[in-house]
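Encoded as structure tokens, the structure appears first; notes follow it.
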Number of protein chains: 2
Amino acid sequence: MNTKIVLRPAQREDVAAIVTMLADDALGRGRERIEDPLPQSYYDAFDKVAHDPNIRLMVAEGGDGSVVGCLQLCILPGLSSQGASRALIEDVRVLTTLRSQGIGEQLVRWAIGEAQARGCKLVELLTHQTRVDAQRFYKRLGFADSHVGMTFRF
Amino acid sequence: MNTKIVLRPAQREDVAAIVTMLADDALGRGRERIEDPLPQSYYDAFDKVAHDPNIRLMVAEGGDGSVVGCLQLCILPGLSSQGASRALIEDVRVLTTLRSQGIGEQLVRWAIGEAQARGCKLVELLTHQTRVDAQRFYKRLGFADSHVGMTFRF
């Protein structure tokens, strides 16, 4: 079943909804601070994202106008592959109560299309080794689990 | 043994040396075009990189002034982790004749330091599953092989 959603660029008013989704996750929970008002650092980051022409932070809006999903796409110029840009997908989230309804798929398919329109030859992403469902999901959309994703945390 | 090198931002004159290193690789060979003159697309990509304040393309210069290594660092703003930027390392290469002399290590340690100075909480990278030596190298520098790196090629 494909839930009817509208994809649109995130607005400053969506920050709380996005952060709530980022925090509603076994891995994300310890990293976010859900307070009212939200820490200013989230809004500062949103402003950086909104002013960066190489970054698209998108939200999926449900039928009632509420935010039900998000995805960040970065377009990264570089020399390799004859100077083709690469695309990096980050922070894909769907409201836990609305999983398996095609919302994530619509977000990721939008990102693939946008990457292609921007001349990318490659879309890449990292997903935690424990997220086996996510890996299956991305494989179904045409991704290969070709790489090891390595992380260094400060 | 640590070969004495100087790290500096790549200049337009370095493009051919960088592309030669990108192509001198089992995985990169089929993706690059080494011609004289180089395809213009490489120079166009260099100009995009050079004008992007969030991207640092660095080269390692050997004692004779020649380029012996390179690395690209992208600083990516985003909402997660309380709005901390993330860093992505790409296109790490060292001249095949100068491997295992600490050049890659100096490049990656520079990138880690720069990421920290720019407020990142996380540095990430993808390395092909077949690059077992690279994975060992990154682990030695403090990276964890925590994620699956997924790729979609057009």
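Note: hydrogens, waters and symmetry copies are ignored here, and every other heavy atom, side chains too, is used. In what follows, every chain begins at residue 1, and chains take the letters A, B, ... in the order their sequences are listed.
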- Message: Taking every non-hydrogen pair under 4.5 Å, which of Q135(A), R31(A), R153(A), E32(A) racks up the most with chain B?
- Response: E32(A)
- Message: If you compare all heavy atoms of S85(B) against all heavy atoms of K48(A), which two are closest, and at what distance to 0.1 Å?
- Response: OG-NZ, 4.4 Å
- Of the listed residues (L22(A), V49(A), L79(A)), which shares the most heavy-atom pairs with chain B below a 4.5 Å separation? L79(A)
- Measure across Q82(A) and R33(B) and return the closest heavy-atom pair with its distance rounded to 0.1 Å. OE1-CD, 3.3 Å
- Task: With a 4.5 angstrom heavy-atom cut-off, could you sort out which part of R86(B) is near chain A: side chain, backbone, both or neither?
- Result: side chain
- Segment of L122(A) engaging chain B (4.5 angstrom heavy-atom cut-off): both
- Query: If only atom types and distance count, is the side chain of Q129(B) paired as donor or acceptor with the main-chain N or O of D145(A) below 3.5 Å?
  - Reply: yes
- Message: Minimum heavy-atom separation for Q72(B) and P77(A), please, with both atom names.
- Response: NE2-O, 2.8 Å
- Item | Approximate separation, where rounding is to 0.5 Å, of L76(A) CG and D52(B) CG | 8.5 Å
- Note on the structure: Turns out that what part of I55(B) lies under 4.5 Å from chain A's heavy atoms comes down to side chain
- Message: Quick check: is L73(B) connected to F154(A) through a chain of hydrophobic side chains (ILVMFWY, heavy atoms under 4.5 Å apart)?
- Response: yes
- Message: Count I, L, V, M, F, W, Y as connected when their side-chain heavy atoms are under 4.5 Å apart, and connections chain through other members. Are V68(B) and I34(B) then in the same cluster?
- Response: yes
- Task: Ignoring hydrogens and angles, tell me if any N or O in the side chain of E124(B) forms a donor-acceptor pair with the backbone of L125(A) under 3.5 Å.
- Result: no
- Note on the structure: Among S41(B), A144(B), G142(B), the residue with the most heavy-atom pairs under 4.5 Å to chain A is A144(B)
- Query: Looking only at heavy atoms, what is the nearest atom pair of G78(B) and A45(A), with distance?
  - Reply: O-CB, 3.4 Å
- Atom pair OG/OH of S80(A) and Y42(B) - distance to nearest 0.5 Å: 8.5 Å
- Task: Please determine, among L38(B), T130(B), V15(B), I112(B), the option with the most heavy-atom pairs under 4.5 Å with chain A.
- Result: I112(B)
- So CG of L88(B) and CG of L126(A): to nearest 0.5 Å the spacing works out to 7.5 Å
- Compare every heavy atom of F152(B) with every heavy atom of L141(A), then report the nearest pair and how far apart it is. O-CE1, 3.4 Å
- Among S81(A), G30(A), A23(A), residue most engaged with chain B (heavy-atom pairs, under 4.5 Å): S81(A)
- Out of curiosity, I89(B) CD1 to M150(A) CE, how far, rounded to the nearest 0.5 Å? 11.0 Å
